[in-house]
Amino acid sequence: MPEGDTVWQTAKRLHTALAGKVLTRSDLRVPKYATADLTGRTVLDVTPRGKHLLTRVEGGLTLHSHLRMDGAWRVYANGQRWSGGGPAHQIRVILGTADRTAVGYRLPVLELLRTTDEDRAVGHLGPDLLGPDWNPELALANLLADPTRPLGEALLDQRNLAGIGNIYKSELCFLLGATPWLPIGALPADRAAKLPAIAKLLLEANRDRPIRNTTSTLTTSSPNQNRATNPSTTNPSTTNPSTTAAGSTLRSTPTPRAPNTRAPTPRPHTPDLFVYGRTPRPCLRCGTPIRTADQGDGSRERPTYWCPTCQVGPAPGTTPRRKTQHRTTN
């Protein structure tokens, strides 16, 4: 499931294979661009922007692609058998050089546009967690602009901050000690302030890892990291997850016994993720079985995982479903 770190890794592979080289093969298998020919042009760079990929070629053109749920790019040496991407009928684009071939499979978004018009494709995105434009203050302001919006939906909206997908949504909510259905305005101010830094820490730590891991990230980060933004240094005894900055109560039941602003210390053979994909196995913190439910307007599957003990706030089966639906933008 592509997230910001996955797209960053894909861009790195494509850039290494194509940048600075002349295209000797160009095949865009999308009706609108079936006659477009990029052969003879040099690839300038491949840049990730949130969960979007921008492949820039000389002549002022950019090939924009988005992986969505199951798109993929594969890079092959010339003469190598194309394996691992899928059947041939799922190929949407082929870009070849003298020694490498990049093949895009199942790409739901593929368009050729002028580089000067890239904002048409990515101009709506918020600050990129792995990009040079990262701005934590703006990201937080975007997230809090609609205080009634469920935390999980706000995190997935790429207009707020770019790079978070369904996996990091669930993991971030666990680390914040809040269910994904909690209105983001009800998140305690101290935790909301840490949210951008935690998100960036998780994605940066995983952008070079072959297997995504969140359970060790917070305890193996650099000792020079600013303690004010590192959730593993928060003293749980000073934070009450059931009370907002304004003093209003999130719920009337007792607060969780271990607020999730501090990550559990990983043990040998600890799973890679705290909650995502772990239903009905026990929570790594308290032992309660992890639960799962869909979140969103139902237009696409968004399985969401949480611990009903460690995470405060509404959840399916405990509160009526919100009638107001928000559109989540990629």
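Only this structure's heavy atoms are used, side chains among them; waters, hydrogens and symmetry mates stay out.
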Checklist entry - Hey, mind stepping through Asp45 and Arg56 against salt bridge (Lys or Arg N to Asp or Glu O under 4.0 Å) and telling me if it holds? => result CA-CA 5 Å; Asp45 64 78; Arg56 301 181 178 117; 3.0 Å; yes

Next on the checklist: For Asn166 versus Arg302, what's the shortest heavy-atom pair and its separation?
Outcome noted: ND2-C, 3.3 Å

Checklist entry - Less than 4.5 Å apart, any side-chain heavy atom of Thr288 and any of Pro308? => result yes

Checklist entry - So His52 and His66, would you call those rings parallel, tilted or perpendicular, with 30° and 60° as cut-offs? => result perpendicular

Item to check | Contacts of Glu58 that satisfy side chain to side chain donor-acceptor pair (under 3.5 Å) - sequence neighbours left out | outcome: none

Item to check | For the student: nearest non-hydrogen atoms of Thr270 and Leu284, plus distance | outcome: CG2-CD1, 3.8 Å

Item to check | Under the side chain to side chain donor-acceptor pair (under 3.5 Å) test, residues paired with Asn206 that sit two or more places apart | outcome: Tyr168, Arg209

Next on the checklist: Tell me the closest heavy-atom pair linking Leu195 and Leu143, and the distance in Å.
Outcome noted: CD2-CD1, 3.8 Å

Checklist outcome for this item: Residues passing the side chain to side chain donor-acceptor pair (under 3.5 Å) test with Arg41, sequence neighbours excluded, are none

Item to check | Smallest separation among heavy atoms of Leu107 and Val93, with atom names | outcome: CD1-CG1, 3.7 Å

Checklist entry - Can you find a side-chain donor-acceptor pair between Glu118 and Thr62 that sits under 3.5 Å? => result yes

Item to check | Beyond-backbone contact of His64 with Leu110, side-chain heavy atoms, under 4.5 angstrom | outcome: no

Checklist outcome for this item: Correct closest heavy-atom pair for Tyr76 and Ser83 would be OH-O, 3.0 Å

Next on the checklist: Just to verify, which of Cys173, Cys283, Pro180 counts as forming a side-chain contact (heavy atoms from CB on, under 4.5 Å) with Trp306?
Outcome noted: Pro180

Item to check | Over all atoms of both residues, closest heavy-atom pair of Ala178 and Leu151 | outcome: CB-CD2, 4.0 Å

Checklist entry - Will you find, in the side chains of Thr304 and Trp181, an N or O donor that is under 3.5 Å from an N or O acceptor? => result no

Checklist entry - Between Leu112 and Leu38, is any pair of side-chain heavy atoms under 4.5 Å apart? => result yes

